Amino acid sequence: MVRTRIAPSPTGDPHVGTAYVALFNYALARQHGGQFILRIEDTDRERSSPASERMIFEALRWLGITWDEGPDVGGPHAPYRQSERFPIYREHAELLVARGAAYPCFCTRERLDALREEQRARKDPVMGYDGLCRGIPAGEAAARRAAGEPHVIRLAVPEEGETVAQDLLRGQLRFDNRLIDDQILLKSDGYPTYHLANVVDDHLMGITHVIRAEEWISSLPKHALLYRGFGWEEPVFCHLPLLRNADRSKISKRKNPVSLEYYRRAGFLPEAMRNYLALMGWIMPDGVTEEFTLEEFVANFTLERITLGGPVFDLEKLTWLNGRYLRRLSPAEYLERLRQGPLAEEYLARIVPLVQERLDRLEDFMAYGQFFFVGEVSYDQEARARLVPKRGTPAETAAALTSLLEEELDPLLEWEAARLEPLLRGAAQRLGWKTGDLFMSVRVALTGRAATPPLFETMEVLGKELCRRRLRRAVQVLHEA
RNA sequence: GGCCCUGUCGUCUAACGGUUAGGACACCGGUCUUUCAAGCCGGCAGCAGGGGUUCGACUCCCCUCAGGGCCGCCA
């Protein structure tokens, strides 16, 4: 029996990397007639949000990736949302303490911060907890816990020797125990950290193959130690290469569109997107076939064929592939895609109220509202002039728009006019800009025009991805000015 | 800085010790065509470097170099 999972954290827009890892997990499970599970890892209460979770569900389904068990479909190991499983983690943390594989630590954040700073300053090769609380006798520790003294639970990493773990693609990986940190497993608020929750759930849910991104390799020894601490059999670990930006750094929204919403909105077909993702580090056994269906992928998939070099996510090739898929469609199918996308009834219905009162002839609709339908808008002479407030400079405007983007807009998941307005007003204040000036810059950046329907409603209809994209483009234009 | 991972055309990749190192994107030509695309044909372009092992290394080993990841009460 093969059971795989994708375990995203609902902390932002649905990420292309999540889809990538999900796809490979999905393929392995399907191929072996096993199950693919979706588990939501929302142990970070600060950053997790239901909106993000919903978007992840939708994005994966859009790509044709379906799961057999998950928060929304249930299953024998429910609940599938970690925030609903906290008692389980606490129990297991206690189990580890009882077995001597973990211990309570009473150190304050201040002490830890100071320790970290000291280690950094000293360029200490051994970064991490110094093990101060490890020496506290069990009885004393229990008493202090009973007395309500704040504490966390840490993993008791062996002080000598090395921890050896297997990676399906890389073979044996060895780690010096002295360099492995006594990872916090249970936070002082009683919430688990990723490491504990992830391992406990993978075991309890019967996961046989942990296929995840390469960035987790450095945590592998901790996870192996956890399995061993519990006395559990370890799953097969397989670390996928990280998707990269053109400069080879880990793919990021600063340098690449990473939200699946972007690709959907830009008119990439889910089949093409999924096909392209499958080509990142993998290819059909013949080494040549690049276009294939999900079914064909599943039928031919093998983990062993995965390439380890981090693949650069190339929008240009994705676009070419998408064109191939688009051209293959019959006119009727093509029309249908248009009706699901840019010409969706629901989309048009949101635009009409914004433009109706401003136009005298139906034929003006397309010309006036063209910025609702194109990807990037162009900025003519007048637009470029209006982009920058009278008493401002292009550089200042670029800085303000960038700041707005990163501080206010990027984190906003519920993209609605009612939320956007206070956000932008707040940004104006924060930046020391007159609201009217900022609004005009944003308006022109977003539409290429100085005269448009109301800004926030327009932003809502355009959607986050288009707004983000055009703002970035405007910043670029401003830099060139 | 420490630990770890990785290294074939600019990019995605094939090659499982013996090939003129293959395909795809991009780019450049040509062809078809009222135009533009698409299609078709052709071209440019790579084994990071150095040592070994071997009759023979892109393939195995070592070193160097380069890129990346991780070093949070984030995941």
Side-chain angles (χ1 to χ4, degrees), chain A residues 7-12 15 17-18 40-48 82 105 107-109 111-113 115-116 119-129 150-154 162 165 167 169-171 173-198 212-222 239-251 276-291 304-324 326-328:
Chain A
S9 258
T11 54
H15 201 276
T18 302
I40 292 294
E41 308 225 321
D42 54 350
T43 53
D44 183 346
R45 59 177 176 186
E46 307 271 290
R47 301 195 302 150
S48 297
Q82 291 187 329
C105 167
C107 292
T108 61
R109 273 172 213 268
R111 176 169 189 277
L112 296 176
D113 289 345
L115 180 65
R116 207 171 355 252
Q119 288 171 337
R120 226 187 294 273
R122 213 172 44 217
K123 290 188 176 166
D124 197 330
V126 184
M127 295 286 290
Y129 186 58
H151 63 280
V152 300
I153 301 295
R154 285 182 184 274
E162 55 183 15
D167 174 274
L169 298 169
R170 282 161 267 251
L173 264 23
R174 321 175 73 91
F175 303 86
D176 187 335
N177 287 336
R178 285 165 301 195
L179 300 176
I180 304 172
D181 194 17
D182 280 3
Q183 182 61 235
I184 290 180
L185 302 175
L186 212 58
K187 308 176 199 176
S188 56
D189 59 8
Y191 287 22
T193 57
Y194 165 86
H195 305 278
L196 207 222
N198 184 267
R212 59 188 358 176
E214 191 178 8
E215 57 190 328
W216 292 108
I217 287 183
S218 52
S219 301
L220 180 59
K222 293 173 185 174
H239 294 88
L240 262 26
L242 242 25
L243 260 25
R244 310 289 188 92
N245 296 313
D247 65 4
R248 300 212 165 271
S249 53
K250 175 164 84 164
I251 196 165
Y276 182 69
L277 251 15
L279 249 20
M280 300 276 83
W282 191 86
I283 193 160
M284 279 286 176
D286 66 7
V288 168
T289 306
E290 294 191 303
E291 295 174 49
E304 288 76 11
R305 284 189 63 79
I306 292 170
T307 293
L308 262 17
V312 171
F313 191 91
D314 184 6
L315 252 179
E316 211 153 16
K317 185 152 182 177
L318 200 213
T319 304
W320 164 80
L321 226 207
N322 197 58
R324 298 274 303 181
L326 235 27
R327 274 172 234 119
R328 231 188 337 259

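Chain letters run A, B, ... following the sequence lines, proteins first and then strands; every chain starts at 1. Remember, predicted model here, so these are calculated numbers, not experimental data.
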Worksheet entry | Glu290(A) and Arg324(A) ion-paired at < 4.0 Å | no

Practice prompt. Taking the six-membered ring for Trp and the full ring for Phe, Tyr or His, determine whether the centres of Trp320(A) and Tyr276(A) are under 6.0 Å apart.
Written response: no

Fill in: Interatomic distance at P, rC9(B) relative to rC58(B), whole Å
15 Å

Worksheet entry | Electrostatic pair Lys250(A)-Glu214(A), nearest N-O below 4.0 angstrom | no

Worksheet item: Starting at CG of Leu315(A) and ending at C1' of rC12(B), how long is that distance when rounded to a whole Å?
Response: 13 Å

Worksheet entry | rC27(B) pairs with, by Watson-Crick or G-U criteria that keep both distances under 3.5 Å | rG43(B)

Response to the item:
Assign each of Gly309(A) and Trp282(A) the nucleotide of RNA chain B bearing its closest heavy atom; nearer the 5' end lies the nucleotide of Gly309(A)

Practice prompt. Please report, rounded to the nearest Å, how far the C1' atom of rC3(B) is from the CG atom of Asp124(A).
Written response: 13 Å

Worksheet item: Are Arg170(A) and Asp167(A) within salt-bridge range, i.e. N to O under 4.0 Å?
Response: yes

Worksheet item: Taking atom C1' in both rG68(B) and rC73(B), what distance in whole Å separates the two?
Response: 28 Å

Worksheet item: Applying a 3.5 Å limit to both distances, which nucleotide forms a Watson-Crick or G-U wobble pair with rA21(B)?
Response: none

Worksheet item: Do NZ/NE/NH1/NH2 and the carboxylate oxygens of Asp189(A) and Arg45(A) come within less than 4.0 Å?
Response: yes

Item to complete: With C1' as the reference atom in both, quote the distance from rU8(B) to rC4(B) in angstrom, rounded to an integer.
Response: 24 Å

Practice prompt. Identify the nucleotide, in any strand shown, that forms a Watson-Crick or G-U wobble pair with rC3(B), with both distances under 3.5 Å; if there is none, say none.
Written response: rG69(B)

Discussion item. Please report the distance, rounded to the nearest Å, between CG in Asp176(A) and P in rC5(B).
Written reply: 13 Å

Discussion item. With a 4.5 Å cut-off on side-chain heavy atoms, are Val152(A) and Tyr129(A) touching?
Written reply: no

Fill in: Test item: Cys107(A) and Leu115(A) side chains (from C-beta on) under 4.5 Å apart, heavy atoms
no

Discussion item. Can you check the distance between rC32(B) and rA37(B), where both ends of the measurement are the P atom (answer in whole Å)?
Written reply: 16 Å

Worksheet item: So which one's nearest nucleotide on RNA chain B is more toward 5', Gly287(A) or Arg170(A)?
Response: Arg170(A)

Fill in: Taking every non-hydrogen atom, the tightest pair across Pro10(A) and Glu41(A)
CD-O, 3.7 Å

Fill in: Heavy-atom protein contacts under 4.0 Å, nucleotides 34-43 of chain B, coded B base, S sugar-phosphate only, - none
----SS----

Fill in: Sequence-aligned protein contact record of nucleotides 63-75 of chain B, with B where the base is within under 4.0 Å of a protein heavy atom and S where only the sugar-phosphate is
----SSSSSSBBB

Item to complete: Could you check Arg248(A), Met280(A), Glu215(A) and say which one makes a side-chain contact (heavy atoms from CB on, under 4.5 Å) with Leu242(A)?
Response: Glu215(A)

Worksheet entry | Spacing between Asp286(A) atom CG and rC16(B) atom C1', to the nearest angstrom | 16 Å

Response to the item:
Whole-Å distance, Leu308(A) CG to rC4(B) P, equals 16 Å

Discussion item. Is it the case that the base of rA24(B) and the side chain of Lys317(A) share a donor-acceptor contact (distance under 3.5 Å, atom types as modelled)?
Written reply: yes

Worksheet item: Within this structure, what is the CG-to-P distance between Leu243(A) and rC5(B), rounded to whole angstrom?
Response: 21 Å

Item to complete: Kindly indicate whether the side chain of Arg154(A), heavy atoms from C-beta on, has any atom under 4.5 Å from the side chain of Gln183(A).
Response: no

Practice prompt. Send over the distance from Asn177(A) CG to rC3(B) C1', rounded to a whole Å.
Written response: 13 Å

Discussion item. For the P atoms, the ones on rU59(B) and on rU53(B), what distance do you get once it is rounded to whole angstrom?
Written reply: 15 Å

Discussion item. In this structure, how many angstroms lie between the P atom of rU13(B) and the CG atom of Leu279(A), rounded?
Written reply: 8 Å

Worksheet item: rU20(B) and rC47(B): how far apart are their C1' atoms, nearest whole angstrom?
Response: 15 Å

Worksheet item: So what does Leu173(A) hit on the nucleic acid, given a heavy-atom distance under 4.0 Å: a base, only sugar-phosphate, or nothing?
Response: sugar-phosphate

Practice prompt. Determine the contact category for Gly323(A): base if any of its heavy atoms lies under 4.0 Å from a base atom, sugar-phosphate if only primed atoms, P, OP1 or OP2 are that close, otherwise nothing.
Written response: nothing

Worksheet item: Is it the case that Arg244(A) places NZ or CZ above or below the six-membered ring of Phe313(A), under 6.0 angstrom from the centre and within 45 degrees of the axis?
Response: no

Practice prompt. Pick the C1' atom in rG23(B) and in rC36(B), then give their distance to the nearest Å.
Written response: 28 Å

Worksheet item: What interatomic distance, in whole Å, is found between P of rA24(B) and the corresponding atom of rC3(B)?
Response: 44 Å

